[in-house]
Amino acid sequence: GRTFPTRPYRSPGSRIAYGLLSLLALLGLAAQGAYFFRDELASRVPALAPALALGCEQIGCRLEPPRGTDALGFVGADLAADPAHKGLLVFTATLRNSGNQAVAYPHLVLSLDGLGGELVARKVFTPAEFAPATANLARGLDGGAEIEIKLYLDASQSNVVGFKVDHAYL
């Protein structure tokens, strides 16, 4: 007949040690996941946010709203000459978060085009430069919320006839 190798005898102490080491490895893996996905966890499970913020305080990281480019979009944007000031352009737009949860404020990227469609200037604005004074940048833009943006641009040195606006996390 066939013989099968027998398993080596393991004492109860070694089985307990292997079990504890496995549990420790599993806890380490969970801690790594919580660290790397802390922003998303805090956003999706708000009850975890205080514990994650406390943990970040202990190890020197920051808890921020998640970056959600799919949920963000511009609803109407306009670039017009300021009638009171020659060479000054006024850019207005509405940035909307169509998602259900708060997302971090992105940078605003505004490209100005000349008569032939060539790029005249590209300006990148930080959230602090375009968000309203009442905006809580640390909390992010709430789900379903929108903000009105108004920027003044000096175009006295160029002939701007068009623009493109986008958002990006830099």
TODO: Flag the pair Cys61 / Arg38 as yes when at least one side-chain heavy-atom distance between them is below 4.5 Å, and no otherwise.
DONE: yes
- [ ] May I ask you to check whether over 12 heavy atoms, not counting those of Asp166, lie within 6.0 Å of atom CG?
- [x] yes
Task: Under 3.5 Å donor-acceptor, Asp82 side chain and Lys86 backbone - done: no
Open item on the list: I'd like to know if Leu137 and Leu108 are part of one continuous hydrophobic network [Ile/Leu/Val/Met/Phe/Trp/Tyr, side-chain heavy atoms within less than 4.5 Å].
Closed with: yes
- [ ] Scan residues 103-123 for pairs that pass salt bridge (charged side-chain N to carboxylate O under 4.0 Å, His left out), counting only residues two or more places apart or in two chains.
- [x] Asp113-Lys164
- [ ] Give, for atom CG of Leu21 and atom CG of Leu26, the distance between the pair rounded to the nearest 0.5 Å.
- [x] 12.5 Å
- [ ] Give the minimum heavy-atom separation between Val120 and Gly114, together with the two atoms involved.
- [x] CG2-N, 3.2 Å
Open item on the list: For the backbone of Leu88 and the side chain of Asp154, can you confirm whether one donor and one acceptor N or O come within less than 3.5 Å of each other?
Closed with: no
Task: Euclidean distance, Leu89 CG relative to Phe163 CZ, rounded to 0.5 Å - done: 10.5 Å
Open item on the list: Going by the rule salt bridge (charged side-chain N to carboxylate O under 4.0 Å, His left out), which residues pair with Glu146 if we only count those two or more places apart in sequence or in a different chain?
Closed with: Arg96
Task: Residues, nucleotides or ligands: over 12 heavy atoms within 6.0 Å of Tyr169 OH - done: yes
Task: Closest approach of Gly99 to Ala71 (non-hydrogen atoms, all atoms of both residues) - done: N-CB, 3.7 Å
